[in-house]
Structure formats: structure tokens, C-alpha cells
Amino acid sequence: MAFDVPFIRPIFPAAEDLAADVTEIVRSNWFTNFGPKEQRFRAGIADYLGSDLEVVTFNNATTALVASLSQLLKDEPPGGLVIVPSFTFAAGPQAIRWAGHHPLFIDIDESSLQPSLGAARAAWDRYGKKIVGVLLCNTFGIGGELIDEWETFAAERGVPLIIDSAAGFGSLYPDGTNVGTRGDCEIFSFHATKPFAIGEGGAVVTRDVRLAEVLRSFSNFGFEAADGAVRAGLNGKLQEINAAIGVRQLLTIDDVIRERRQVLQRYGEIFSYADAGEIVRNADKSSVCFAPVILRDAESRDPLLSGLRAAGIEARVYYAPPVHRHASFEHDLCTGRLELTEAVSTRILCLPVLQGMPESVFDRVVTLVDQHC
Ligand SMILES: *Cc1c(COP(=O)(O)O)cnc(C)c1O
């Protein structure tokens, strides 16, 4: 069914502008392999986030995750455990496998939906010797409020902290610092479905100059100039056309995020006025990939979800099922029963946040919330 208000509607640069970029790329005869557009895009990301940061671009966030995990865990014997929430997108746990290790799923915090530090401590107590790293996830691209504590947790145990901030380019941590600046590195996705979209693309951001050099080499078959392949690697390079789109998207990102936060706020007012639920904490400081609402009453979720969809508004439920319920992960370890991860998937509702959202959509939502909650 075609929705009047689809869950995602990417806004790309004007076709004429992209045509001009393609013309330039064709004239330069430089289509990939760190060309001028990639260089500009990479510098633009660093400018946006903070000039003391190193940026390595990738063809998508999944290869960026594989590269980061592989490099930061390269001295560990294969088969270690990496702490990761189950309440995330499957790319992170899949990347842990490509790096030669296994996910060790932990629960989330009930009110923030961020990975639970208490659960990570419990995982450490139980499996400590086998744990080789932490893949923290900034849920829905929202900066986790306990980021300082997570950095301490990893540092005290001598394991790397890799942060999957895929949907969070442009988000702020609750202390006002940019998402992208913490841990050993943070990973962004620029997929068409994210608030900052270039088609397919991703990046790793780090303060570690050496790590950045090595990741760039990893993205290019593990090559180092003249010496051939000196380390593990793959082809993770970003194409010029996608980088060119990124350069243009950087010009509008602040306006885009401002508008997305306004839409989020409107939804928040509707649900709180009806006393029906609330927006996930700190989503207002994120780049707002969608509007995640935790409903007060689990009974109202399914009727409201169907009501919205029948009214042409493509609401969805994330993350259901959580990753430990996917068939491919059913034999991996969980710390405890992941009760909150299971429970939240019955109370969460994710609403579309589009740029240029017509006012009438909010009226429809008000009516349906009154009817079902
Ligand atoms: C979108 C997403 C990814 C994957 O990004 P790609 O660029 O499509 O590879 C990974 N992790 C999370 C949390 C995501 O939301």
C-alpha cells in the first residue's frame, strides 16, 4: 500500500545541481579512490564536527563497522565476545562476526532505551575474560546520556569502545557535545533512510590519527603506498557521486535538523496533551531519524499503529523483533533475559518525520490518539 505519509522521504539536492556534479566528475575522469569530492566531503564532515577529528569515509556504515571492529580487535584471538545491545539494527552484530567475534547481547535502560550500563557490568562479571570490546549503540541516533560512564567502563577494563551512531549525524549528546566525538571512534551511516542522506555512504570519526590512517588503508584492500597489502582489508571506498551529494547536503543540514526537531516537538505535544505517551528522552537533541514515542498503555499500541497506517501515515515499530530474536542470532549469548528489550517492543511507536510535513498530518494524529489511547 502506498502511504500518503511514508515513513522515510529522503530529500536530495536538486537534479540540476547533481547533474553539474556528474559533469564535473566525468570531466575529471575520477570516479572513486579518494577523489576531489571525497576529499571535500571528508574535510566538510571534520569542519562540522570539530577540526581536531579525523574522518575516514566508507561506502556504507556496515563496512565502517567491520573496519573499526577488525582493527581495534586485531590482536585478540578469534571467538571473543563483544558487548552490544540487542535493541539495535542487525548491522552492528553482523559486523562483530565479520571481525571474527561473537555478539554478547545486553538489555537497555527502560526510560532512555540506551544500552544499560548495569547490564554491561553484569555481563563483565559473568563473562569478563572472554569480552574483547564494547559496541555501544546510540539508539535511534540519540546521544546516550551516560557516555562518560561508558568511556570509563571500557577504559577501566582495557577494552575498546566503538560507538554505532549510524542515524545520529548532527545529533548532540545531552551535555551539548557533538555525537561523533567520543569513544575510540564513532560510526555514521549516510544511507538514504537517515536524516543526513547521500544514497549509500558512511564514515568513521576518531581523534586517533594512526587509527584513521589504518582504517583508510583497510578500506582500500589493506594497501599501503608501494608496499601492497600490509594488513587485512576490503573495498570500502566511497564513490565520488555520493561524496558530491554529501558536500551539498552539508550546506542544508542545520536547517533540516531544525525542521525535524520541530516536527518531533509537535508529536510530543500531541501525546503529552492526551497523556498517551512521551517522546524518548533526549530525542529532541538528535537529528531525529523518526519520532519514537513510548506509549503509556501497551494495549493502545497495536490499534493506534493500525489506525495510523489505515489513515495513510506509515508508522512502524523499532526494533521489533530485537536482534537476539533474529534466526541468525538465536544461538548467541544474552546477559539475562533482556526483559526491557522485549517489553519495550510492545510499547514503542515510531512516527514519520518528513521535511515539509503538512499540518493536516498532525490533525489526523490527534484524532487517532484520542480514539485509541
Ligand atoms: C542504518 C544503520 C546501520 C547500517 O548503515 P548502512 O550505511 O546501511 O550500512 C547500522 N547501524 C544502525 C544502528 C543503523 O541504524
Side-chain angles (χ1 to χ4, degrees), residues 7-8 10 41 45 55-70 82-99 103 105-106 108 112-115 134-144 150 161-171 179-180 182-183 185-205 215 218-219 234-239 241-243 245-246 249 260 280 282-283 286-292 316-324 326 328-329 341 344-345 348 350 352-353:
F7 191 65
I8 304 276
F41 181 45
I45 296 169
V55 175
V56 185
T57 58
F58 277 88
N59 56 353
N60 61 59
T62 306
T63 38
L65 283 161
V66 171
S68 306
L69 286 157
S70 300
V82 177
I83 291 177
V84 64
S86 171
F87 193 74
T88 187
F89 187 62
Q94 293 284 24
I96 291 170
R97 289 176 163 168
W98 282 106
F105 293 112
I106 61 165
I108 44 169
S112 67
L113 308 189
Q114 300 285 356
V134 178
L135 179 57
L136 191 66
C137 298
N138 276 321
T139 304
F140 306 150
I142 302 168
W150 277 101
L161 179 67
I162 297 138
I163 308 175
D164 179 351
S165 300
F169 187 74
S171 296
V179 165
R182 307 301 293 264
C185 62
E186 294 200 40
I187 290 96
F188 291 117
S189 170
F190 308 136
H191 188 256
T193 52
K194 312 291 178 183
F196 182 83
I198 69 171
E200 291 278 4
V204 180
V205 183
L215 290 176
F218 190 100
S219 80
L234 42 65
N235 180 358
K237 298 186 300 293
L238 182 69
Q239 300 202 77
I241 180 58
N242 299 98
I245 296 171
Q249 295 291 56
R260 300 181 73 88
V280 172
N282 297 319
S286 77
S287 50
V288 191
C289 55
F290 43 73
R316 292 188 187 171
V317 173
Y318 281 103
Y319 291 100
V323 182
H324 74 287
H326 293 207
S328 174
F329 290 97
T341 297
V344 77
S345 56
I348 187 129
C350 303
V353 170

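This chain uses plain numbering: 1 for the first residue, then up along the sequence. We count ligands from 1, going down the list as the structure has it; atoms in each ligand are counted the same way.
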Novice: Taking the minimum heavy-atom distance to atom 7 (O) of ligand 1, which of Gly202, Ser189, Cys289 ranks first?
Specialist: Ser189

Novice: Return a yes/no value for Gly92: is any of its N or O atoms, backbone included, closer than 3.5 angstrom to an N or O of ligand 1?
Specialist: no

Novice: What protein heavy atom is closest to atom 15 (O) of ligand 1, reported as residue, atom name and distance in Å?
Specialist: Lys194 NZ, 2.6 Å

Novice: Does Val323 offer a backbone N or O that forms a donor-acceptor pair with the side chain of Ser86 under 3.5 Å?
Specialist: yes

Novice: Would you indicate whether the side-chain heavy atoms of Asn242 and Thr57 approach each other to under 4.5 Å?
Specialist: no

Novice: Tabulate below the donor-acceptor pairs under 3.5 Å that side-chain atoms of residues 185-193 make, not counting sequence neighbours, or state none.
Specialist:
unit_1, atom_1, unit_2, atom_2, d
Glu186, OE1, Ser165, OG, 2.5
Glu186, OE1, Tyr173, OH, 3.3
Glu186, OE1, Gly180, N, 3.0
Glu186, OE2, Tyr173, OH, 2.8
Glu186, OE2, Gly180, N, 3.0
Glu186, OE2, Thr181, N, 3.2
Glu186, OE2, Arg182, N, 2.9
Ser189, OG, His191, N, 3.1
His191, ND1, Thr193, N, 3.2
His191, ND1, Thr193, OG1, 2.8

Novice: Please list, in number order, the atoms of ligand 1 under 4.0 Å from a heavy atom of Asn60.
Specialist: 7 (O), 9 (O)

Novice: Looking at Thr62, which atoms of ligand 1 are within less than 4.0 Å of one of its heavy atoms?
Specialist: 4 (C), 6 (P), 9 (O)

Novice: For ligand 1, which atoms sit closer than 4.0 Å to a heavy atom of Ala91?
Specialist: 4 (C), 10 (C)

Novice: Please examine the side chains of Pro93 and Thr88, heavy atoms only from C-beta on, and report whether any two atoms are closer than 4.5 Å.
Specialist: yes

Novice: Check whether any side-chain heavy atom of His326 lies under 4.5 Å from a side-chain heavy atom of Tyr319, and answer yes or no.
Specialist: no

Novice: Which value, rounded to the nearest 0.5 Å, describes the distance between Ile96 atom CD1 and Ser70 atom OG?
Specialist: 11.0 Å

Novice: Distance under 4.0 Å to a non-hydrogen atom of Ala61: what atoms of ligand 1 satisfy this?
Specialist: 5 (O), 6 (P), 7 (O), 9 (O)

Novice: Could you check atom 13 (C) of ligand 1 against the protein and tell me its nearest heavy-atom contact, residue, atom and distance included?
Specialist: Asp164 OD2, 3.4 Å

Novice: Where is the nearest protein heavy atom to atom 12 (C) of ligand 1: which residue, which atom, and how far?
Specialist: Ala166 CB, 3.2 Å

Novice: Considering heavy atoms of the protein only, find what lies nearest to atom 3 (C) of ligand 1 and give residue, atom and distance to 0.1 Å.
Specialist: Phe89 CD2, 3.6 Å

Novice: Would you check the N or O atoms of Thr88, main chain and side chain alike, for any that come under 3.5 Å of an N or O of ligand 1?
Specialist: no

Novice: Which one of Leu113, Val179, Val280 satisfies the side-chain contact (heavy atoms from CB on, under 4.5 Å) criterion with Ile142?
Specialist: Val280

Novice: In a check of ring pair (Phe, Tyr, Trp, His ring centres under 6.0 Å) between Tyr318 and each of Phe7, Phe140, Phe89, which one passes?
Specialist: Phe7

